[in-house]
J.: 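Below you'll find the structure I mean.
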There are 2 protein chains.
Amino acid sequence: MNDKFYELPPEKQQRILNAAMEVFGLNEYKRASTDLIAVKAGVSKGLLFYYFYNKKELYLFLFHYVADIMRKQIVNQKFQKITDFYELLAYSAVEKAKILEKNPYILEFAVKAFYSDKEDVSEDLKKMTTDQIKNVYAEYFAHLDLSKFKEDANPMYVYKMLVWMADGYMHDMKMNGKPVETDVLMKEFNTWMRMLKKLTYKEEYQDENHRD
Amino acid sequence: MNDKFYELPPEKQQRILNAAMEVFGLNEYKRASTDLIAVKAGVSKGLLFYYFYNKKELYLFLFHYVADIMRKQIVNQKFQKITDFYELLAYSAVEKAKILEKNPYILEFAVKAFYSDKEDVSEDLKKMTTDQIKNVYAEYFAHLDLSKFKEDANPMYVYKMLVWMADGYMHDMKMNGKPVETDVLMKEFNTWMRMLKKLTYKEEYQDENHRD
DNA sequence: TCTTAGATTGACCGTCCTGGTCAATCCCTT
DNA sequence: AAGGGATTGACCAGGACGGTCAATCTAAGA
């Protein structure tokens with residue numbers, strides 16, 4: 001791709017990336033039209049191909065862009081220092097919300113990108129798929145003190161429940177055309193967390209307060 | 001449409017409907033190709049147009065088909081007799097799972113159909129949208145005895161949480177290529193329900209058993 | 001004010017895919 | 001074997017596709 005893309009005003013860069021993520025996220029590769037991307041980005045098709053020489057390059061750029069964001073979210077220092085399960089969840093929920101505010105279609109793009117056939121796109125993507133994504137969980141849980149959980153509680157379970165609820169909530173908001181406001185989401189999220197904490201933590205740990 | 005469609009072997013009917021729901025569910029109307037539908041249904045394009053005279057008719061047929069399924073799920077007698085919140089949820093979860101087993105792409109289709117612009121499709125659909133869907137909630141809660149809830153618990157909230165988790169669970173399964181088995185899903189679902197019941201029901205009601 | 005180099009446009013191209021048609025075949029019943 | 005409906009796929013005209021490029025716009029330096 002053309003490095004001059006990075007010299008564009010950040011707002012314009014983002015507009016282009018978001019438009020591309022939207023179209024690739026909502027349609028599969030072959031049916032995702034560069035015309036539509038250009039229109040949604042408010043930019044001529046010519047310009048799109050001036051920065052990204054062809055469709056496949058644009059797609060691959062997005063792929064790495066998204067993978068990068070995900071990687072950065074996890075290999076972040078503050079992240080590594082948190083040992084309390086619920087505290088980590090609260091923290092990463094905030095991070096996730098920030099990312100989603102900036103990249104509204106990143107989830108749709110990621111789902112389509114990582115979980116579909118990719119028949120059309122280059123081979124080197126097939127390496128970075130399900131297996132690596134599953135590793136994310138391992139890394140995510142690596143530094144946690146899970147001894148606070150009751151014997152019969154399953155942290156992975158709790159994790160997934162909260163993720164599903166947050167996704168469902170955000171999905172609901174989107175459907176109703178309302179933007180997801182980070183602080184409102186966090187209030188909800190904290191309620192859910194408090195409930196689950198009560199159910200899954202040993203009594204002596206239930207009343208720990210979260211820092212903020 | 002051609003009424004002879006109903007005389008086809010039910011398995012073939014379903015194959016065609018599923019293929020169509022998949023393609024319409026995954027692409028927006030204009031970009032949903034009848035070629036693809038025919039291929040996915042294992043049927044020639046000619047036949048598709050023999051039963052449904054054109055694309056719009058096929059789409060409208062699907063729309064009513066789906067709306068019908070949803071309506072039937074709710075206006076079902078057994079449904080009306082259940083007064084316990086959690087019992088109703090358990091029951092309707094089973095129903096939903098059955099429907100999804102038979103119509104794997106019904107959710108995707110419904111979401112796209114009810115929540116997108118419909119610029120391309122006939123006007124008469126715009127009536128039957130968000131408003132009516134919101135009414136579903138009202139009807140859903142109409143016969144319930146909500147006095148079993150603690151003062152500070154919000155039933156709508158609990159409802160949504162469980163729906164989100166079930167959707168998330170099913171989504172996860174689909175991503176990993178595993179079919180959603182009704183009984184496994186129900187075991188999960190019951191666990192979540194028991195947890196939430198403990199948190200939200202007044203103590204004297206917490207230990208009621210569900211019938212099955 | 002003029003020059004110029006780079007950013008940006010949109011009309012344009014050949015190709016492929018689209019919704020839709022239909023004569024030809026297949027398959028079943030009689 | 002004959003008849004009729006079910007089914008096929010080659011075929012069509014038009015549109016959308018990825019991609020190109022000469023023409024224009026913009027801004028900064030002279």
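Just so it is clear: chains get the letters A, B, ... in the order the sequence lines come, proteins before strands, and each one is counted from 1. These numbers were taken from a predicted model, which means no experiment stands behind them.
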J.: Rounded to the Å, how far apart are B:K4 NZ and D:dG4 P?
T.: 13 Å
J.: Atom OH of A:Y6 and atom C1' of C:dG6: how far apart are they, to the nearest Å?
T.: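 Rounded to whole Å, this separation is 20 Å.
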J.: Over how many whole Å does the gap from B:E57 atom CD to C:dT21 atom P extend?
T.: 12 Å
J.: Heavy atoms under 4.0 Å, any strand shown: does B:Y51 hit a base, just sugar-phosphate, or nothing?
T.: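 The residue B:Y51 makes sugar-phosphate contact but no base contact.
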J.: Identify all pairs in which a protein N or O lies below 3.5 Å from an N or O of nucleotides 14-20 of chain D, and state each distance.
T.:
| residue | atom | partner | partner atom | Å |
| --- | --- | --- | --- | --- |
| D:dC17 | OP1 | B:R31 | NH1 | 2.9 |
| D:dG18 | OP1 | A:A32 | O | 2.8 |
| D:dG18 | OP1 | A:K55 | NZ | 2.7 |
| D:dG18 | OP2 | A:T34 | N | 2.7 |
| D:dG18 | OP2 | A:T34 | OG1 | 2.7 |
| D:dG18 | N7 | A:K45 | NZ | 2.9 |
| D:dG19 | OP2 | A:K55 | N | 2.6 |
| D:dG19 | N7 | A:K45 | NZ | 3.1 |
| D:dG19 | O6 | A:K45 | NZ | 2.8 |

J.: In terms of the angle between their ring planes, are B:F109 and B:Y59 parallel, tilted or perpendicular, with boundaries placed at 30° and 60°?
T.: tilted
J.: Can you measure B:L47 atom CG to C:dT21 atom P for me and round it to whole angstrom units?
T.: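 Distance, rounded to whole Å: 15 Å.
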J.: Between B:K72 and B:D68 (salt bridge meaning N to carboxylate O under 4.0 Å), is one present in this structure?
T.: yes
J.: I'd like to know if A:E28 pairs up with A:K112 as an ion pair, taking the criterion as any Lys NZ or Arg NE/NH1/NH2 lying under 4.0 Å from an Asp or Glu carboxylate oxygen.
T.: no
J.: Pair B:E188, A:Y157 - check side chain to side chain donor-acceptor pair (under 3.5 Å), show working.
T.: CA-CA 10 Å; B:E188 296 279 319; A:Y157 217 83; 2.4 Å; yes
J.: Could you state the atom-to-atom distance from CD of B:E28 to C1' of C:dT18 in whole Å?
T.: 15 Å
J.: Go through it in stages, so that I can follow the logic: the residues are A:Y159 and A:N154, the test is side chain to side chain donor-acceptor pair (under 3.5 Å), and I'd like the CA-CA distance, side-chain angles, deciding distance and then a yes or no.
T.: CA-CA 9 Å; A:Y159 170 78; A:N154 180 346; over 6 Å; no
J.: What's the CZ-P distance between A:F5 and C:dA7, to the nearest Å?
T.: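 Distance, rounded to whole Å: 13 Å.
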J.: Each nucleotide in nucleotides 22-27 of chain D should get exactly one letter: B, S or -. Can you fill that in based on protein heavy atoms under 4.0 Å?
T.: ------
J.: Under 6.0 Å from the six-membered ring centre of B:Y50 and within 45° of its axis: does the NZ or CZ of B:K45 meet both?
T.: no
J.: Quick one: B:Y50 OH to C:dC26 P, roughly how many Å, whole number?
T.: 18 Å
J.: Between A:K4 and A:E7, is there a salt bridge with N-O shorter than 4.0 Å?
T.: no
J.: Would you call the rings of B:Y6 and B:F61 parallel, tilted or perpendicular, taking 30° and 60° as the class edges?
T.: tilted
J.: Apply side chain to side chain donor-acceptor pair (under 3.5 Å) to B:N190 and B:Y86, showing your working.
T.: CA-CA 9 Å; B:N190 278 321; B:Y86 287 102; over 6 Å; no
J.: Roughly how many Å is it from CG in B:L8 to C1' in D:dT7, rounded to a whole number?
T.: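 Taking CG of B:L8 and C1' of D:dT7, I get 11 Å after rounding.
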